[in-house]
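Counting convention: from 1, in listed order, for ligands and their atoms alike. We're numbering straight along the sequence, starting at 1.
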Amino acid sequence: MAQKDFDAIIVGAGFAGLYMLHKLRGLGLTARVFEAGDDVGGTWYWNRYPGARCDVESMEYSYSFDEELEQEWSWSERYATQPEILRYVQHVAERFDLKRDIAFSTRVTAATFDEASERWTVETDRGERLTARYCIMATGCLSTPNRPDIPGLDEFEGGVYQTGLWPHEGVDFTGQRVAVIGTGSSGIQSIPVIAREAAQVTVFQRTPNYVAPAHNHPMSAEYEQDFKGNYRQRRREMLQGYFGAIAHGHPSSAPSMSVSDEQRRALYEEGWQQGGLGILGSFPDLLFDRAGNETLAEFVRSKVREKVADPEVAELLCPKDHPVGSKRMCIDTGYFETFNRDNVALVDLNAEPIERISVHGLKTARREFAFDSIVLATGFDAITGTLAKIAITGRGGRTLAQKWADGPEAYLGLMPEGFPNLFLITGPGSPSVLSNMMVSIEQHVEWIGDCLAALGGRTIEATPEAERAWVEHGNAVAAATVYPDGKSWYTGANIPGKPRTFMAYIGGVPGYRAICQAIARDGYPGFAIAGRASPPPADFVALMAPPHEAEAA
Ligand code: N01
């Protein structure tokens with residue numbers, strides 16, 4: 001008879017779930033993974049839209065836990081495409097023989113904590129019921145696509161494609177009239193590719209985004225060899241980066257408004273020429289100082305005006321209603337130039353909102369359009385969306401949905417209070433989507449692994465006092481930044497009715513990591529272990545210094 005009880009159940013077989021499984025095996029613990037897709041890969045399994053690629057450099061967007069794996073894998077481009085990343089994940093799954101513990105095409109529907117046995121019962125859409133001491137949610141932050149509630153969408157007789165649920169066989173747009181709704185990262189990557197294929201592309205834009213050029217190029221053998229020859233040092237540099245990535249170029253350590261306009265522009269120009277998201281780190285205060293932020297915003301707008309031939313279209317493509325970085329900055333390959341093509345048109349939804357989708361097209365407040373296909377690049381119910389679809393019940397019969405009705409809360413972003421032995425990987429209240437996800441995933445997996453080893457099977461849970469203190473600390477850190485100014489998926493603003501809170505932790509990767517390390521080292525203050533609770537640290541900020549600095553202090 002198939003095994004029904006495990007040390008741990010892991011939900012999701014993306015980067016987080018796979019490494020968690022590998023880690024638990026190394027600890028001698030039994031684990032079962034459930035995955036909705038029919039293969040590994042998580043976000044890189046589902047997001048197969050044309051032009052999909054990562055906005056973190058390939059050499060930095062990979063696992064660091066195995067040196068042989070680091071050395072044997074070669075990335076072909078500066079920024080890897082979705083198919084290449086998927087091949088990498090599949091390679092990892094094969095290499096570490098992970099698939100034998102994964103149930104594919106299986107969605108977890110419920111997870112219930114039994115207070116008497118202190119175990120989780122997990123149920124799936126295939127009617128399975130398994131139990132485990134620990135339940136680990138590796139469900140991803142961008143794994144529930146947002147299908148907008150546009151009247152008539154279901155009546156459209158052409159093809160409707162969501163970027164986050166792209167057909168595996170691909171879509172041939174040759175000769176078609178295509179509507180693309182949404183201009184976030186997914187739209188910005190896919191629109192130039194679709195425009196090369198389709199007869200006509202009409203882009204429906206609600207909010208323009210700040211976009212930096214990717215300047216993608218084939219991986220140079222020299223760069224790869226240098227990186228591989230110095231991997232440990234490079235990984236350390238990544239851990240020291242505020243966002244878990246290496247700061248390339250020459251970022252200033254001076255405040256942005258303390259230098260001359262010429263010096264500032266020269267630094268932005270260097271970041272622009274280098275490409276990628278690094279331009280946001282040109283000065284240390286760009287995400288904190290609104291005046292400084294506006295200088296970068298205006299620099300980006302000046303680039304849009306240079307690239308787009310029609311001044312009216314250029315102006316519509318210039319973001320003006322939010323600070324740069326407060327919504328996720330995008331990186332592009334030929335996005336703005338695409339609007340110089342004869343077969344591409346931009347529709348400003350602020351001037352003419354969509355009224356409805358019809359059988360053959362779309363009607364705005366001003367016009368009617370006929371389309372063969374509609375692409376929904378409309379994003380995700382981010383960070384909490386996938387957890388909300390699982391009926392997760394903790395102590396006293398309280399569900400996670402009830403607990404999070406006014407916004408998600410979890411101690412360290414790792415454990416929601418009232419849900420013993422339930423861990424979240426890159427959950428709300430942790431750096432997650434504000435960092436190189438690979439770095440944050442590995443940090444959480446390793447922290448959880450160390451924690452389970454220390455527990456030896458005992459029950460752990462966050463105390464209400466610790467969770468409150470962590471949420472207050474996270475809110476205070478966020479309030480000092482420009483992030484809350486953006487109506488973004490970071491704040492739930494993209495989903496009608498979703499509570500508005502800033503969901504990630506913006507204290508930076510090194511500081512967050514230091515806090516988590518200190519908490520593990522000090523015997524897990526703020527948690528109750530086997531019913532024995534200890535108070536949370538008096539001051540999280542004091543724990544943020546890297547260990548060597550704290551020891552020297
Ligand atoms: O989603 P988004 P995404 N009517 O939410 C619009 C990561 N990612 O899939 O801004 C009309 O950013 C919406 O408008 P507005 C990355 O972290 C990374 O593009 O809400 N429009 C917006 O323009 C990224 O941030 C990579 O006003 C509607 C767009 O749809 C995250 O995933 C690649 C609408 C959604 O943009 C999400 O990116 C891709 C409606 N009803 C994704 N509803 C890379 O690594 C929504 N919109 C490069």
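- Checked by atom type, the side-chain pair Glu270/His250 shows a donor-acceptor distance below 3.5 Å.
- No hydrogens or angles considered: nothing links the side chains of Glu442 and Tyr19 as a donor-acceptor pair under 3.5 Å.
- Closest to atom 48 (C) of ligand 1 among all protein heavy atoms lies Gln189 NE2, 2.9 Å.
- No hydrogens or angles considered: nothing links the side chains of Ser432 and Ser440 as a donor-acceptor pair under 3.5 Å.
- Nearest to atom 15 (P) of ligand 1 by heavy-atom distance, out of Val433, Thr207, Leu349, is Thr207.
- Considering backbone and side-chain atoms alike, Thr163 places every N or O at 3.5 Å or more from each N or O of ligand 1.
- Nearest to atom 24 (C) of ligand 1 among the protein's heavy atoms is Ser185 OG, 3.6 Å.
- Nearest non-hydrogen protein atom to atom 1 (O) of ligand 1 is Gly379 CA, 3.0 Å.
- Counting only heavy atoms of the protein, atom 39 (C) of ligand 1 lies nearest to Tyr49 OH, 3.1 Å.
- At least one heavy atom of Arg53 sits less than 4.0 Å from an atom of ligand 1.
- Geometric assessment of Arg290 against the ring of Phe288 yields a negative cation-pi assignment under the 6.0 Å and 45° thresholds.
- For atom 10 (O) of ligand 1, the candidate residues are Lys327, Gln162, Arg206, Gln205; the nearest heavy-atom contact is made by Lys327.
- Partner of Arg235 under the side-chain hydrogen bond (donor to acceptor under 3.5 Å, both in side chains) criterion, chosen from Glu70, Gln240, Glu60: Glu70.
- When only non-hydrogen protein atoms are considered, atom 6 (C) of ligand 1 lies nearest to Gly182 CA, 3.7 Å.
- At least one cation-pi condition fails for Arg177 and Phe371: the charged atom is not both under 6.0 angstrom from the six-membered ring centre and inside a 45 degree cone around its axis.
- Among protein heavy atoms, atom 32 (O) of ligand 1 sits closest to Leu142 CD1, 3.3 Å.
- For atom 11 (C) of ligand 1, the nearest non-hydrogen atom from the set Thr378, Ile181, Leu153, Asp149 comes from Ile181.
- For the residue pair Lys498 and Thr384, a side-chain donor N or O sits within less than 3.5 Å of a side-chain acceptor on the partner.
- Ligand 1 has an N or O atom lying under 3.5 Å from an N or O atom of Thr183, backbone or side chain.
- Within the set Tyr490, Tyr61, Trp489, Tyr79, the minimum heavy-atom distance to atom 5 (O) of ligand 1 is found for Trp489.
- Of the heavy atoms in Phe204, none comes closer than 4.0 Å to ligand 1.
- A donor-acceptor pair shorter than 3.5 Å cannot be found between the side chains of Tyr210 and His322.
- Considering backbone and side-chain N/O of Ser186, one or more are found under 3.5 Å from N/O of ligand 1.
- Judged by distance alone, with hydrogens and angles left aside, the side-chain atoms of Thr183 form a donor-acceptor pair with the main-chain N or O of Thr207 at under 3.5 Å.
- Of the heavy atoms in Lys487, none comes closer than 4.0 Å to ligand 1.
- Which parts of ligand 1 touch Cys54 is read off a 4.0 Å heavy-atom cut-off, strictly below it: atoms 45 (O).
- A salt bridge is absent between Glu84 and Arg53: the closest approach of a Lys/Arg side-chain nitrogen to an acidic carboxylate oxygen does not fall below 4.0 angstrom.
- For atom 36 (O) of ligand 1, the nearest protein heavy atom (residue, atom name, distance) is Gly184 CA, 3.5 Å.
- Here's the thing with Asn494: none of its N/O atoms is less than 3.5 angstrom from an N/O atom of ligand 1.
- Taking distance alone, with nitrogen or oxygen atoms compared against 3.5 Å, Pro148 stays at or beyond that limit from ligand 1.
- Here the heavy atom of the protein found nearest to atom 35 (C) of ligand 1 is Ala377 O, 3.3 Å.
- Between the side chain of Thr338 and the backbone N or O of Gly334, at least one donor-acceptor pair lies under 3.5 Å.
- Using the six-membered ring where Trp is involved, His473 and Tyr505 have ring planes that are tilted, between 30° and 60° apart.
- Side chains of Glu77 and Asn216: a donor-acceptor N/O pair is present below 3.5 angstrom, by distance only.
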